Amino acid sequence: MKSLVSVIMGSHKDYMTLKRQKLDEQNTNQRFLLEDGKVSQIFKGVSVYITGFTDPPSAVLKEIVLRNGGSVQMFFSKTHVTHIVASNLPDFKVKLWKNDMIVTPLWIVDCDAAQSRLSEAKYILYRTSENIKDMMTKNEVNIVKSVSKNIPETTSKDFVGEFYSNSRLHHLSTSVSELRHEVSRLQSQYHPSYMPTNRKQTASVIVHVDIDCFFVSISLCSRPHLRGKPVCVTHAKPNDKLDSYAEISSCSYEARKFGVQNGMFLGNALKLCPNIITVPYEFESYHKASNELYRILVEKTPYVEVVSCDEAFMDIVELVDISDETLIQEFVQDLRSQIHSSIGCTVSAGIGPNKLVARMATRQGKPNGQYVCYSEESVQDYIKSQPLQNLPGIGRATCHKLELQNFKLCGDLLLKSKAELSDLLGPKTGETVYYYCRGIDLRDLILKHERKSISVEINYGIRVETIKELETFLLNLCKELDNRMKAEKVSGSLVTLKLKERSENAAVEPIKYMGHGICDNISKSVNIANATNDGSVIHSKVMSLVNSMTLIPRDIRGIGVQISKLKDSSLDQKNFANTNKKISKGSKDVPICTSFQCSVPEFLGHKNTGDVKNIIKNWCESPEPYQVDVDKVDEYLSQLIKYQNINFVQELLKFMRKILKERGVPEWNAVFNSTLQNVQRQIHVILNGILNLEDL
DNA sequence: ATCCTCCCCTAC
DNA sequence: TAAGGTAGGGGAGGAT
Ligand SMILES: Nc1ccn([C@H]2C[C@H](O)[C@@H](COP(=O)(O)OP(=O)(O)OP(=O)(O)O)O2)c(=O)n1
Ligand SMILES: [Mg+2]
């Protein structure tokens with residue numbers, strides 16, 4: 001209840017917002033408190049492992065078990081599991097678990113119905129052994145793996161890469177910055193003298209192009225027999241059933257007629273459209289199609305803004321006669337048909353005086369059509385008839401606020417003043433909405449983009465038991481971040497840790513397999529003295545954040561790391577080397593730890609402990625401690641701890657303390673204390689111990 | 001006023 | 001089973 005209580009003490013409005021949001025979660029039926037607040041205990045001490053397809057489905061069984069005081073294990077383990085639940089098991093599994101209690105799902109259902117713990121006798125899964133032979137080579141490998149490996153796969157080495165290679169949202173998100181680079185390349189190829197600058201949208205003819213049901217369209221290129229049918233792209237196999245919580249990435253317009261939408265669970269879509277056909281992802285093809293789309297656009301004009309892999313704005317004011325609408329229509333027709341014949345997908349387009357109107361017009365043109373809304377008069381007429389939901393940037397929450405005031409259409413706001421809207425929505429949003437409702441868009445066409453942050457985040461399949469496991473996973477994430485930062489040639493100096501934590505009343509296992517379920521979001525950030533793109537430095541900072549929070553590792557359902565306050569990494573100043581004239585002469589301009597491969601941490605390029613001690617000695621004798629230098633020392637000590645060279649950590653700290661004690665300067669003593677505290681925290685977390693600085 | 005931190009919201 | 005990411009805008013509330 002933490003979050004709800006704290007919000008109740010805030011304002012009523014916020015409470016309602018939060019509550020609505022939680023009820024909106026796709027899985028509202030996963031709470032397990034009884035209405036009277038008591039919890040059934042008939043499964044107390046029961047710990048089940050559900051395997052294979054069951055009837056009822058595993059999500060239902062989990063809910064029943066949890067509601068009745070039992071627990072559900074995601075991985076089989078002889079020590080933790082009391083009951084294996086299965087509807088059907090191949091013989092080799094029966095054999096593998098012959099000494100364990102294997103029951104049918106009916107046991108759980110019946111116990112729940114009777115509200116008492118029935119004998120398992122009648123529910124033992126029995127399966128006659130017959131000719132199974134080698135039906136299982138592949139399955140067996142999987143089983144053996146999940147049995148021997150009862151640790152969650154979250155911490156596994158390949159988890160991050162494996163997840164990302166299958167994540168549509170990852171591909172979707174990362175494609176944008178790739179396409180910005182591609183557009184820049186195309187601009188210099190087709191328009192060598194063009195210098196990118198953002199453009200005001202005064203005197204513009206903006207075209208918004210958007211491929212129709214992009215992912216589906218691509219799939220249909222190689223499956224022409226599916227044209228005209230309800231089709232969707234999803235990971236779930238076609239034979240999976242109505243209880244699938246796989247998300248639909250994109251669905252055809254035939255499926256939309258039934259109410260199916262992008263982002264919907266397959267199971268729900270099947271309820272609306274039982275005949276929907278599923279096809280798999282083809283990430284490589286999307287990539288090629290996007291590149292070709294942008295090639296065609298940039299070939300026409302350099303004024304192209306990347307929106308997403310299937311969507312862009314372009315300003316064609318220099319290519320058409322602004323007063324000749326027929327000419328504009330023809331130009332866009334040609335453009336669309338060129339795209340269609342080149343990549344095989346139909347495209348829709350909207351044309352207007354700015355991005356806002358063009359974007360809204362595309363909706364009118366879809367699918368496979370176009371709509372011009374350019375003259376002052378048609379803009380006013382069109383916009384005022386539009387639902388507020390359709391305004392870009394105005395989504396569910398904002399719309400809800402406006403609906404509470406009885407506003408539904410853009411036209412409904414025309415009598416409201418800027419001040420009134422600002423009171424309701426905040427100063428910026430209020431003003432934006434005020435102008436949007438009048439068809440006015442004060443944004444620029446973005447042709448020169450500057451990245452402000454870079455982040456990695458996984459909120460799927462995250463199950464950790466200990467801080468140590470969290471640390472391992474974070475190290476993998478930071479490696480990924482390190483790669484991306486180096487590829488993008490940026491470094492940054494604000495490190496933010498983002499976590500999802502299971503909400504107080506949310507079921508331990510959400511209804512969606514390995515999903516995050518209902519969560520509270522937590523974020524915490526720390527500034528670092530020098531911009532870095534070194535994953536191991538970031539990791540140590542992130543661990544100090546982890547350290548400073550009170551976390552229940554098993555409740556963590558999502559983990560991310562974001563870097564902001566970015567700089568161009570080629571301009572990175574190696575600050576220690578500059579300021580360290582006070583510390584030591586002649587040290588090299590080398591970052592402390594440049595890669596994860598080094599097995600011995602470096603301090604200013606020195607691995608040799610004697611050299612390091614000399615540098616530290618000089619530093620400790622310098623007049624004044626600089627924070628940048630303190631950070632470097634702290635980072636080095638973190639590295640030592642990570643590589644388990646605790647002896648040298650101890651030696652170095654005692655060495656520093658000896659020098660500083662003699663000096664007796666308060667600032668330096670403070671530095672030493674904070675450094676020591678840092679070290680103790682990390683040793684506590686990583687090695688579960690305390691460093692003794694006294695004897696030895 | 002302006003900044004900062006910790007969020008929430010939105011879009012694809 | 002399933003692969004619920006990512007970047008940017010901006011608001012609330014406190015510190016400066
Ligand atoms: N919730 C979502 C929304 C979109 N996408 C992916 C699949 C879409 O094909 C692509 C482009 O998104 P659009 O919003 O443009 O949707 P479509 O292109 O599928 O349909 P439309 O014809 O409405 O543009 O992004 C996704 O994976 N999940
Ligand atoms: Mg589209």
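Chain letters run A, B, ... following the sequence lines, proteins first and then strands; every chain starts at 1. No hydrogens, no waters, no symmetry mates; every other heavy atom, side chains included, goes into these values. None of these values were measured; they are calculated from a predicted model.
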- Which is true for Leu179(A) with a 4.0 Å heavy-atom rule: it touches a base, it touches only sugar-phosphate, or it touches nothing? nothing
- Message: Nearest to the side chain of Asn166(A), heavy atoms from C-beta on, is which of dG5(C), dG8(C), dA3(C)?
- Response: dA3(C)
- Query: So which nucleotide from dC9(B), dT6(C), dA2(C) ends up closest to the side chain of Ala397(A)?
  - Reply: dC9(B)
- Looking only at side-chain atoms of Glu247(A), point me to the closest of dT10(B), dA3(C), dG5(C). dA3(C)
- Item | Of the listed nucleotides dA3(C), dG5(C), dC7(B), the one nearest the side chain of Asn459(A) | dG5(C)
- Message: From C-beta outward on Ser173(A), which listed nucleotide comes closest to its side chain: dC12(B), dG5(C), dA7(C)?
- Response: dG5(C)
- Is the shortest side-chain N/O distance from Lys498(A) to OP1 or OP2 of dC7(B) below 4.0 Å? no
- Item | Between dA3(C) (P) and Leu266(A) (CG): distance, integer Å | 10 Å
- Below 4.0 Å: OP1/OP2 of dT6(C) and any side-chain N or O of Ser177(A): no
- Message: On the nucleotide dG8(C), are OP1 or OP2 found under 4.0 Å from the side-chain N or O atoms that His449(A) carries?
- Response: yes
- Selected nucleotide, minimal atom distance to Thr429(A) side chain, candidates dT6(C), dA3(C), dG10(C): dG10(C)
- Item | Per Thr398(A) side chain, nearest of listed nucleotides dT6(C), dC6(B), dT10(B) | dT10(B)
- Message: Checking the side chain of Asp158(A) only, and the main-chain atoms of Gly161(A) only, is there a donor and an acceptor separated by less than 3.5 Å?
- Response: no
- Message: Students often get this wrong, so: under 4.0 angstrom with heavy atoms, is Gln562(A) touching a base, only sugar-phosphate, or nothing?
- Response: nothing
- Item | Nearest-nucleotide pick for Arg359(A), side chain only, options being dA2(C), dT6(C), dC12(B) | dC12(B)
- Message: With a cut-off of less than 4.0 Å, is there a side-chain N or O of Thr496(A) near OP1 or OP2 of dC6(B)?
- Response: no
- In plain terms, say whether Arg199(A) and Glu305(A) are close enough for a salt bridge, that is, a side-chain N and a carboxylate O under 4.0 Å apart. no
- Message: Is Tyr281(A) close enough to dA2(C) that one of its side-chain N or O atoms is under 4.0 Å from OP1 or OP2 there?
- Response: no
- Message: Starting the side chain at C-beta, find the nucleotide from dC12(B), dT6(C), dA2(C) nearest to Tyr460(A).
- Response: dA2(C)
- Choosing from dA7(C), dC12(B), dG5(C), which nucleotide comes nearest the side chain of Ser167(A)? dG5(C)
- Would you indicate, yes or no, if dC4(B) has its OP1 or OP2 atom less than 4.0 angstrom from a side-chain nitrogen or oxygen of Ser525(A)? no
- Taking the six-membered ring where the residue is Trp, are the ring centres of Phe214(A) and Tyr286(A) under 6.0 Å apart? yes
- Backbone of Asn368(A) reached by a side-chain donor or acceptor of Thr346(A) within 3.5 Å: no
- Below 6.0 angstrom between ring centroids: does that apply to His235(A) and Tyr281(A)? yes
